[in-house]
Amino acid sequence: MRQPHACGGHFPLSALVKGLMPAQGQRIVSTLALRLAAQETRERWRKQSNGNHSNHEKQMAFRAIAEAVLSDKGSPLNGKLIRRANYADIGSFAESLSILMKDPSLKDKLLTYHATYGQFVAYVEPFTALQTCMQGVLEGLIVLDRCVYLWEQGIQAEMVPVFDEDLSPRCIALLATR
């Protein structure tokens, strides 16, 4: 049976980082943290407009409310459908998602959850800012672990920035020679 949030065999690779594990089977970095390492960088997030931040805040909050409602109903969230919902405001979102999911009762439940938890929407962007601060640290740990693994295999390796992160958030290359 698959463990939720397990990292599989892809991290850590190096004996050095494996040696830092607290105990057998425990992880120092979860799968969610590994996903975060591949997300938007702090610099790219910082350069977004106020409108982009506002849209992100709404989309994350509305999706979280939908996930909570559907979880309580025992229904899975259909990612393809939720992306097609109207995020203009909570009323439009609730209406469009209930139509897309062919569940008329969904609208009232979404509006009720929003009335209860809508006050927390303002925390989405500050939390995202914290995530972007962690992103670079986590990405650096992963790349460094891979570099150390290559050294442990007798391969000379180095981490090299190949271009500005504005072009692509994944801008560090591992150069290795035998």
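The side-chain contact (heavy atoms from CB on, under 4.5 Å) test applied to Arg35 returns no partner, not counting sequence neighbours. For Gln135, the side chain to side chain donor-acceptor pair (under 3.5 Å) partners at least two apart in sequence or on another chain are Glu139. Residues forming a side chain to side chain donor-acceptor pair (under 3.5 Å) with Glu43 (at least two apart in sequence, or on another chain): Arg46. In this structure, the ring pair (Phe, Tyr, Trp, His ring centres under 6.0 Å) partners of Tyr117, at least two apart in sequence or on a different chain, are Tyr113. With sequence neighbours excluded, no residue forms a ring pair (Phe, Tyr, Trp, His ring centres under 6.0 Å) with Tyr149. In this view, Ser49 and Asn52 satisfy the side-chain contact (heavy atoms from CB on, under 4.5 Å) rule, not counting sequence neighbours. For Thr132, there are no side chain to side chain donor-acceptor pair (under 3.5 Å) partners at least two apart in sequence or on another chain. For Met159, the side-chain contact (heavy atoms from CB on, under 4.5 Å) partners are Val143, Leu144, Cys147, Ile172, Leu174, not counting sequence neighbours. Lys107 pairs by the side-chain contact (heavy atoms from CB on, under 4.5 Å) definition with Ala94, Glu95, Ser98, Leu111, not counting sequence neighbours. Arg44 is linked by a side chain to side chain donor-acceptor pair (under 3.5 Å) to Glu40, counting only residues two or more places apart in sequence or in another chain.
No single ILVMFWY cluster, assembled from side-chain heavy atoms under 4.5 Å apart, contains both Met60 and Phe127. Hydrophobic clustering (ILVMFWY, side-chain heavy atoms < 4.5 Å, transitive): Leu36 and Leu141 are in one cluster. Linking Ile, Leu, Val, Met, Phe, Trp and Tyr whenever their side-chain heavy atoms come within less than 4.5 Å puts Leu138 and Val17 in one cluster. Note on Leu81: it does not cluster hydrophobically with Ile99, by side-chain heavy-atom contacts below 4.5 Å among ILVMFWY residues. Residue Leu100 is grouped with residue Ile65 when hydrophobic side chains (ILVMFWY) are merged at heavy-atom distances under 4.5 angstrom, including chains of intermediate members.
Using the six-membered ring where Trp is involved, Phe93 and Tyr87 have ring planes that are tilted, between 30° and 60° apart.
The two residues Gly79 and Ile82 come nearest to each other via the heavy atoms O-CG2, 3.4 Å. Across Val121 and Ala61, no two heavy atoms sit closer than the pair CG2-CB, 3.5 Å. When all heavy atoms of Ile155 and Ala176 are compared, the pair lying nearest together is CG2-CB, 3.7 Å. Taking both residues in full, the closest heavy atoms of Asp145 and Leu13 are given as OD2-N, 2.7 Å, listed atom of the first, atom of the second, then distance.
A donor-acceptor contact shorter than 3.5 Å links the side chain of Lys58 to the backbone of Ala88.
Residues Leu175 make up the rest of the hydrophobic cluster containing Val160, defined by ILVMFWY side-chain heavy atoms closer than 4.5 Å, directly or through other members. Hydrophobic cluster of Trp45: no remaining members, since no ILVMFWY side chain lies below 4.5 Å from it.
Residues Ser75 and Met101 have side chains not in contact (no heavy-atom distance under 4.5 Å, counting atoms from C-beta outward). The side-chain heavy atoms of Thr128 and Glu57, taken from C-beta on, include no pair separated by under 4.5 Å. The side-chain heavy atoms of Asp103 and Lys109, taken from C-beta on, include no pair separated by under 4.5 Å. When side chains are defined from C-beta on, Ile142 counts as touching Arg146, because their heavy atoms get closer than 4.5 Å. By the 4.5 Å heavy-atom criterion applied to side chains, His56 and Val124 are counted as neighbours.
Atom CD of Gln156 has 12 or fewer neighbouring heavy atoms from other residues, nucleotides or ligands inside a 6.0 Å radius.
For the atom pair CG of Leu150 and CD of Glu158, the computed distance is 11.5 Å after rounding to the nearest 0.5 Å. Atom CG in Leu130 sits 13.0 Å away from atom OH in Tyr123 (nearest 0.5 Å).
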